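Lettering of chains follows the sequences in order, A, B, ..., and the numbering in each one begins at 1. This structure is a prediction, so every number in the text was calculated from the model and none was measured.
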2 protein chains.
Amino acid sequence: MSEHQLLPLLTGPPPERRDAARNREALLVAARELVERDGVQAVTMDAVAAAAGVGKGTVFRRFRSKEGLMAAVLDHSETEWQRLLLFGPPPLGPGAPPWERLVAFGRSRLETTLLHADLIRAAGAAGTRSSAAYSLVAMHVRYLLAELGVTGDLPLLATALLAPMEIPILDQQLHNDGFPIDRVHAGWVDLARRIVGDAAPPR
Amino acid sequence: MSEHQLLPLLTGPPPERRDAARNREALLVAARELVERDGVQAVTMDAVAAAAGVGKGTVFRRFRSKEGLMAAVLDHSETEWQRLLLFGPPPLGPGAPPWERLVAFGRSRLETTLLHADLIRAAGAAGTRSSAAYSLVAMHVRYLLAELGVTGDLPLLATALLAPMEIPILDQQLHNDGFPIDRVHAGWVDLARRIVGDAAPPR
DNA sequence: ATAGAAAACGGACCATGGTCCGTTTCGTCC
DNA sequence: GGACGAAACGGACCATGGTCCGTTTTCTAT
């Protein structure tokens, strides 16, 4: 029988060859280890290739660029946080009223972003934008805003709420301006309150 | 007389040697030309050095890095816009009521940022942050907010209003999400209205 | 004008991200 | 199991940003 695809199931992207999958995994492990040990900056692609026992070309075929590789590492690091967001205890996880969830989200996201700051920077555009991670976060904020009865262009309002949490802006506020973290967080809550408007609880 | 500094006037940074000044100017001219002709991406530091008729080391001593050089070019490009902001006709320039000035600022800044997008990206941290250009913009927004009677942490609110105008966020909205420019601008005005609150004119 | 120190110069050199292409491995079909 | 095409491999190679250090220019003081 030449038609092996009996059931046209989910026609996703073509499957990965076994050696390819093995190398991807080896590279991710090696990259995580090196990043943890030496810091993102000090990790070279040659080093990752060597540590994984593959050629340099393979690294780039799998991950396109250093940004791509770092984005993959970052994605792994953020998984635990995403789990807490979706299934963890309130107020970050489901169960608390939306405003409390939003405030908890703000603080938690701020801390997580700072924790992974180097990785996020190194992942560049491949990291924040377009990755599943970002979509999830944006969707979550849109959902909370809707839940709070906010009217208007929700996708844009969500973006406006997320923009001040981006690394370049945080760097500016914390390092250039010298604002303490608590002030930045308080500012974010204030912004959220103004965006949410009447639907926010009285202070 | 060994004390040449008769009048201690403005003790600014030590003056620049004549050859240094000449080379800085030559480099800026060369860089501007090459950037305009070939686009930021295609311009190499070697090419700039050659075009300016100086050694490569000189380029890096003057501007630290490619980012630094691009920041300098950008600064020059933004000068005209700054002049319009400070001294041009209303509603962008002085003379119009603060809310009208704020809205005009939003549109104009959005357009200018997109116009210089490549340069801003290439200037990286050296470009937006810390440069005089950014300080001026932030100060202007703080001023308008104060003028509108906004209460709260003005520096943070100004940041919140500027953050969605940063290149990474705009890229996301225009390219990934595919929003048209007008929608983005409308969203920004809406955000501004929510931040300003009661002090904004009724729609 | 001259000497001497400080600053700037220039281009060979280095590090590293990314590409290319001849060779090897994998999966499939008979 | 063997043959064959497709995909993956690996490491030499390239491009380019950035550094280093011996040489040259500028500035100041006498």
Side-chain angles (χ1 to χ4, degrees), chain A residues 1-6 12-28 30-31 34-35 38-73 121-127, chain B residues 1-6 12-28 30-31 34-35 38-73 121-127:
Chain A
M1 56 188 82
S2 65
E3 196 51 38
H4 195 218
Q5 184 92 27
L6 289 182
E16 204 169 47
R17 251 170 58 169
R18 250 215 318 293
D19 50 350
R22 181 159 26 87
N23 284 339
R24 145 169 286 129
E25 197 49 32
L27 282 167
L28 273 175
L34 289 182
V35 164
D38 303 339
V40 176
Q41 277 275 13
V43 175
T44 73
M45 295 302 262
D46 294 84
V48 174
V54 306
K56 194 180 181 177
T58 302
V59 189
F60 284 91
R61 191 166 336 90
R62 281 283 94 69
F63 298 99
R64 304 275 312 209
S65 62
K66 186 170 186 182
E67 290 197 354
L69 177 58
M70 290 311 155
V73 173
R121 264 187 292 265
Chain B
M1 57 187 83
S2 64
E3 196 51 39
H4 194 220
Q5 185 94 23
L6 288 181
E16 204 170 47
R17 249 171 58 169
R18 248 214 322 291
D19 50 353
R22 182 162 22 91
N23 284 339
R24 145 168 287 129
E25 198 49 33
L27 283 167
L28 274 175
L34 289 183
V35 164
D38 304 338
V40 175
Q41 277 274 13
V43 174
T44 73
M45 295 302 262
D46 294 82
V48 175
V54 306
K56 195 179 182 178
T58 301
V59 188
F60 284 92
R61 192 168 332 90
R62 280 284 93 70
F63 297 98
R64 304 277 311 209
S65 62
K66 185 171 186 180
E67 290 198 353
L69 177 57
M70 290 311 156
V73 172
R121 265 188 292 265

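Within the structure, the salt bridge (Lys or Arg N to Asp or Glu O under 4.0 Å) test picks out the following pairs touching residues 38-47 of chain A (sequence neighbours left out): A:Asp46-A:Lys56.
Counting to the nearest Å, the P atom of D:dT19 and the CE atom of B:Met45 are 10 Å from each other. D:dG17 atom P lies 17 Å from atom CD of A:Gln41, rounded to whole Å. Summarising the geometry, the separation between CG on B:Leu69 and P on D:dT16 is reported as 16 Å, rounded to the nearest angstrom. C:dA12 atom P lies 11 Å from atom CG of B:Asp46, rounded to whole Å. Going from atom CZ of A:Phe63 over to atom C1' of D:dC9 covers 15 Å, rounded to whole Å. Atom C1' of nucleotide D:dT24 and atom CZ of B:Arg18 are separated by 15 Å, given to the nearest angstrom.
Nearest-nucleotide positions on DNA chain D for B:Lys66 and B:Asp19 put B:Lys66 closer to the 5' end.
Legend: residues meeting side chain to side chain contact (heavy atoms under 4.5 Å, CB included) with A:Ala31, ordered by chain and number and at least two apart, are A:Val48, A:Leu69, A:Val73. Under the side chain to side chain contact (heavy atoms under 4.5 Å, CB included) criterion, B:Ala47 pairs with B:Leu34, B:Thr44, sequence neighbours left out. For A:Glu16, the salt bridge (charged side-chain N to carboxylate O under 4.0 Å, His left out) partners are A:Arg24, A:Arg62, not counting sequence neighbours. Under the salt bridge (charged side-chain N to carboxylate O under 4.0 Å, His left out) criterion, A:Asp19 pairs with A:Arg17, not counting sequence neighbours.
Looking at every heavy atom in both residues, B:Ala126 comes nearest to B:Ala71 through O-CB, 3.8 Å. When all heavy atoms of A:Ala122 and A:Met70 are compared, the closest pair comes out as CB-CG, 3.9 Å. Considering every non-hydrogen atom in both B:Lys66 and B:Val40, the closest pair reads NZ-O, 3.8 Å. The nearest pair of heavy atoms linking A:Ala72 to A:Phe63 is CB-CE2, 3.8 Å. Of all heavy-atom pairs between B:Ala30 and B:Ala51, the closest is CB-CB, 3.9 Å. Of all the heavy atoms in B:Ala49 and B:Val59, the pair that sits closest is CB-CG2, 3.5 Å.
A heavy atom closer than 4.0 Å to some atom of DNA chain C occurs in A:Arg22, these being the qualifying members of residues 20-28 of chain A. Within a heavy-atom distance below 4.0 Å of DNA chain D, the residues of residues 47-58 of chain A found are A:Val54, A:Gly55, A:Lys56, A:Gly57, A:Thr58.
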Just the table, please: protein N/O against nucleotides 2-7 of chain C N/O, every pair under 3.5 Å.
| from | atom 1 | to | atom 2 | distance (Å) |
| --- | --- | --- | --- | --- |
| C:dA7 | N3 | B:Arg17 | NH1 | 2.7 |

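Proximity of B:Arg61 to the phosphate of C:dC9: a side-chain N or O atom is located under 4.0 Å from OP1 or OP2.
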